[in-house]
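Worksheet: one structure, shown below.
Hydrogens, waters and symmetry mates play no part in the numbers below; they use all other heavy atoms, side chains included. The model shown is predicted, which means the values in this text are computed figures rather than measured ones. Start at 1 and go down the list; that is how both ligands and their atoms are numbered. This chain uses plain numbering: 1 for the first residue, then up along the sequence.
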Amino acid sequence: MATIKCIGILTSGGDAPGMNAAIRAVTRSAIFNGFEVKGIYRGYRGLITGEIKQFKTENVSNIIQQGGTILKTARCQEFQTEEGRKQAYETLKREGIDALVVIGGDGSLTGARTFAQEFDYPIIGLPGTIDNDLYGTDLTIGYDTALNTIMDAVDKIRDTASSHERLFFIEVMGRDAGFLALNGAIATGCEAAIIPEISTEIDQLEELVENGFRKSKNSSIVLVAESPTTGGAMQLAERVKNEYPQYDVRVTILGHIQRGGSPSAQDRILASRMGAAAIDALIEGQRNVMIGVRNDEIVYVPFSKAIKYDKPINRELLNTLRRLSI
Ligand code: F6P
């Protein structure tokens, strides 16, 4: 195996709070261990176009508290083609980058896995996504901050819901995963969460209406995970308007507000630990693994597992929400 002298770092896919803390941790830990570091801009696109800059410790000063990513990010179609990946490999050779740390979600790590296999190239992944949907890690970078943003927003909407005695459907992100919706609902005392993981098992809306929403209160808030499987908040609200016209229904879609803002303490610490662990992993000769955290311990999850398996929702949380919303 060739010796690693220079490590490249990039962020890819949707930005997530804590990505900057991860960039800082990878950079500082790499330099601490005697490696050279290069920052690659705009995700895989920057690998193809060669948007690369040498990073010193000062390049990552004063960023731990910033949301977004100083390296910019993109969802790059070209990297999904053989030709695009070949160009990316040429760039890496030209720049003398011997290994990569990729911070991103499911799609980004899928790209990393394909590339690593095709070119026998060492890559370490860090789970950077607000969705928390990567298998093999209890938490992803950005999830905790997004959850707190949802909590603040829902707390505010509750004032209107209760003053006007309305039923609110609030749509949260998560792509095809219900972690933000379910835990957001528990944290804000919502009546229910409608999530894709159980959408095919039961008609969650019917169950909700049958139970009379919350019997002891005149207002209700339901968190809905965005997903074709749940139908989304708009579609559910339309159904209620048609089938149960007695309810005064409103919809709020939280949207990209959930991805922004300064990372929480938990995300900063998680990103710092994971970033440092990425360099440890390379030093130990690990390749093509995602850094995860399980029961507060750093673990290495092969890309194949992190990408292929669906992370299961904790049923105990569903039961807790049901029991507490009577
Ligand atoms: O994966 C993160 C995420 O925010 C998802 O929750 C959401 O479905 C998607 O990205 C939105 O992506 P974009 O910002 O490209 O519209």
Side-chain angles (χ1 to χ4, degrees), residues 10-22 41-46 67-69 71-80 102-113 125-154 169-185 187 193-197 199 223-236 251-264 267 270-271 274 290 292 303 306-311 313:
L10 63 85
T11 48
S12 162
D15 62 301
M19 278 183 163
N20 282 326
Y41 286 81
R42 299 180 174 80
Y44 292 123
R45 185 167 303 149
T69 157
L71 285 175
K72 314 288 180 197
T73 186
R75 301 190 196 275
C76 177
Q77 300 290 333
E78 258 178 291
F79 196 71
Q80 290 175 24
V102 171
I103 308 169
D106 200 43
S108 309
L109 298 190
T110 304
R113 185 190 180 207
L126 296 189
T129 167
I130 64 162
D131 300 343
N132 200 31
D133 60 346
L134 282 160
Y135 181 88
T137 184
D138 293 341
L139 294 167
T140 57
I141 297 165
Y143 171 65
D144 181 66
T145 308
L147 201 50
N148 279 290
T149 302
I150 290 171
M151 188 177 74
D152 289 344
V154 175
F169 286 101
I170 303 179
E171 186 173 298
V172 300
M173 280 187 168
R175 209 181 285 273
D176 286 319
F179 299 99
L180 285 171
L182 181 54
N183 283 309
I194 296 194
I195 57 172
E197 287 85 348
S199 283
L223 291 202
V224 183
E226 54 156 16
S227 159
T229 331
T230 61
M234 286 294 206
Q235 199 175 306
L236 290 167
V251 171
T252 304
I253 295 175
L254 292 187
H256 288 84
I257 193 173
Q258 295 162 95
R259 288 232 299 256
S262 179
S264 65
D267 274 330
L270 183 73
M274 286 180 161
M290 178 191 84
F303 280 158
I307 294 154
K308 194 167 140 210
Y309 296 119
D310 281 338
K311 183 162 161 182
I313 209 92

Hey, looking at [atom], which of [options] has the closest heavy atom?
| atom | options | result |
| --- | --- | --- |
| atom 2 (C) of ligand 1 | D176, V172, D131 | D131 |
| atom 10 (O) of ligand 1 | Q258, M173, R259 | R259 |
| atom 8 (O) of ligand 1 | E226, H256, R75, R175 | E226 |

> Quick check: does any side chain N or O of K308 sit under 3.5 Å from a backbone N or O of Y135, one acting as donor and the other as acceptor?
Replying inline: no
> Is there a donor-acceptor pair closer than 3.5 Å between any side-chain N or O of T140 and the backbone N or O of I130?
Replying inline: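 No; zero donor-acceptor contacts below 3.5 Å.
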>> Only heavy atoms of G174, strictly under 4.0 Å: list the atoms of ligand 1 that pass.
In response: 6 (O)
> Any side-chain donor paired with an acceptor under 3.5 Å for T229 and S199?
Replying inline: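 Their side chains do not contain a donor-acceptor pair, so the 3.5 Å distance test is not met.
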>> Please give me the minimum heavy-atom distance between S227 and R175, naming the atom from each residue.
In response: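 Looking at all heavy atoms of both residues, the shortest contact is CB-O, 3.5 Å.
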